[in-house]
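Note sheet for the following structure.
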Amino acid sequence: MSLRPGSGRAIRLAPSILAADFANLGAEIAAVARGGADQVHVDVMDGHFVPNLTIGVPVVKSLRKATTLPLDVHLMIMDPDRYLEPFIDAGANLVSVHVEVLPHLHRTVAQIKKLGAKAGVVLNPSTPVMAIEEIAADVDFVLVMSVNPGFGGQVFIPHTINKIQRVRALLDRAGNPAPIEVDGGIDLSTVESVVTAGADWLVAGNAIFGGGNAEQAARTLKAKAEAVSR
Ligand code: DX5
Ligand code: ZN
């Protein structure tokens with residue numbers, strides 16, 4: 001399977017606010033925007049699909065007023081269909097849903113688009129690439145989890161590298177240039193292999209908000225990713 005260095009594709013950095021200071025979200029987002037962030041990754045967790053509980057529609061509504069960057073809402077919840085409209089009405093531009101909870105994924109993807117957002121499908125580390133074979137032509141992006149969802153600050157699962165390559169091959173076979181987003185454990189030590197494998201959009205929480213200077217951390221991580229993609 002061929003790697004994709006030097007393809008010159010556009011890398012987008014999606015800082016995950018899960019690792020930010022929730023009492024200062026406006027300032028945290030402004031900082032990463034100055035550092036070159038391209039979209040804001042919002043991790044919505046329900047305490048059922050994943051063990052953790054995080055944020056909901058009202059926070060997305062407030063974020064919408066705080067930034068002009070696209071809001072990239074990752075729904076880690078059992079029944080995402082119920083919440084598509086509220087999240088998109090609140091200002092979500094990109095909405096990703098887990099294939100593991102959706103028996104009618106085609107309908108869900110169509111619904112996200114109909115509501116005016118870009119539709120992403122997410123694969124857990126143990127979910128085979130084949131699970132999105134029949135929907136590959138229809139998605140606006142694919143999100144490959146490189147940790148088990150539920151928490152920030154986990155260790156990157158190396159097998160993801162091979163999986164990114166196989167998702168790219170599947171999308172290419174379907175004639176879909178849709179980007180691949182990768183989420184979990186991305187930092188200065190893992191970003192090179194992730195981008196080389198074909199990742200276009202990079203989610204990073206701890207690597208950006210975990211130190212003292214989110215602006216600089218965003219700038220450094222994006223610069224490294226762009227250097228690899230060139
Ligand atoms: C995990 C979330 C991730 C998480 C990434 O369930 O989907 O977006 O915030 O955090 P880091 O980059 O710290 O692994
Ligand atoms: Zn996420």
Side-chain angles (χ1 to χ4, degrees), residues 11-22 25 28-29 31-32 35 37-56 59-60 63 69-78 80 83 87 92-101 112 117-127 141-161 163-164 167 179-195 199-214 217-218 220-222 224-225:
I11 296 293
R12 293 179 66 89
L13 184 65
S16 164
I17 58 166
L18 189 58
D21 176 0
F22 274 32
L25 282 180
E28 295 272 63
I29 290 171
V32 294
D38 298 284
Q39 58 204 41
V40 177
H41 189 80
V42 182
D43 287 306
V44 177
M45 305 187 187
D46 66 351
H48 293 279
F49 177 60
V50 292
N52 210 355
L53 265 176
T54 56
I55 59 185
V59 175
V60 171
L63 292 174
L69 289 177
L71 297 177
D72 168 23
V73 176
H74 175 191
L75 297 177
M76 286 163 277
I77 62 181
M78 285 308 295
Y83 298 96
F87 275 111
N93 306 95
L94 307 149
V95 175
S96 56
V97 293
H98 275 260
V99 306
E100 298 85 6
V101 297
I112 294 170
K118 297 283 184 203
V121 294
V122 194
L123 297 168
N124 273 340
S126 65
T127 303
F141 65 104
V142 175
L143 172 44
V144 176
M145 289 307 302
S146 41
V147 299
N148 288 291
F151 302 94
Q154 301 182 79
V155 175
F156 182 86
I157 300 172
H159 177 68
T160 309
I161 296 302
K163 193 171 188 179
I164 295 166
V167 170
I180 298 176
E181 184 170 35
V182 181
D183 183 3
I186 295 183
D187 59 19
L188 287 171
S189 72
T190 52
V191 69
E192 182 168 353
S193 57
V194 169
V195 172
D200 305 278
W201 298 353
L202 306 167
V203 178
N206 263 55
I208 290 178
F209 294 108
N213 188 338
T220 307
L221 189 60
K222 189 173 175 186
K224 183 153 189 187

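In listed order, ligands and their atoms are each counted from 1.
Heavy atoms of A19 stay at 4.0 angstrom or farther from ligand 1. Ligand 1 lies less than 4.0 angstrom from a heavy atom belonging to A204.
Among the atoms of P149, none of the N or O lies under 3.5 angstrom from an N or O of ligand 1. An N or O contact shorter than 3.5 Å is missing between N148 and ligand 1 by distance.
Nearest N/O/S atom of H74 with respect to the Zn ion (ligand 2) is recorded as ND1.
Nearest non-hydrogen protein atom to atom 1 (C) of ligand 1 is F151 O, 3.4 Å. Closest to atom 12 (O) of ligand 1, if we only count protein heavy atoms, is G205 N, 2.7 Å. Protein heavy atom at the shortest distance from atom 9 (O) of ligand 1 is S16 OG, 2.8 Å. Atom 14 (O) of ligand 1 has its closest protein heavy atom at G185 N, 2.8 Å.
Crowding of F141 atom CZ: a count of heavy atoms from other residues, nucleotides or ligands under 6.0 Å exceeding 12.
The residue among G150, G152, A207 with a heavy atom at the shortest distance from atom 10 (O) of ligand 1 is G152. Counting only non-hydrogen atoms, the option in D183, L202, D187 that gets closest to atom 8 (O) of ligand 1 is D183.
Taking the six-membered ring where the residue is Trp, H74 and H98 present parallel rings, their angle staying beneath 30° rather than reaching 60°.
When each of I157, V144, I180, V182 is checked for a side-chain contact (heavy atoms from CB on, under 4.5 Å) with K163, only V144 meets the rule.
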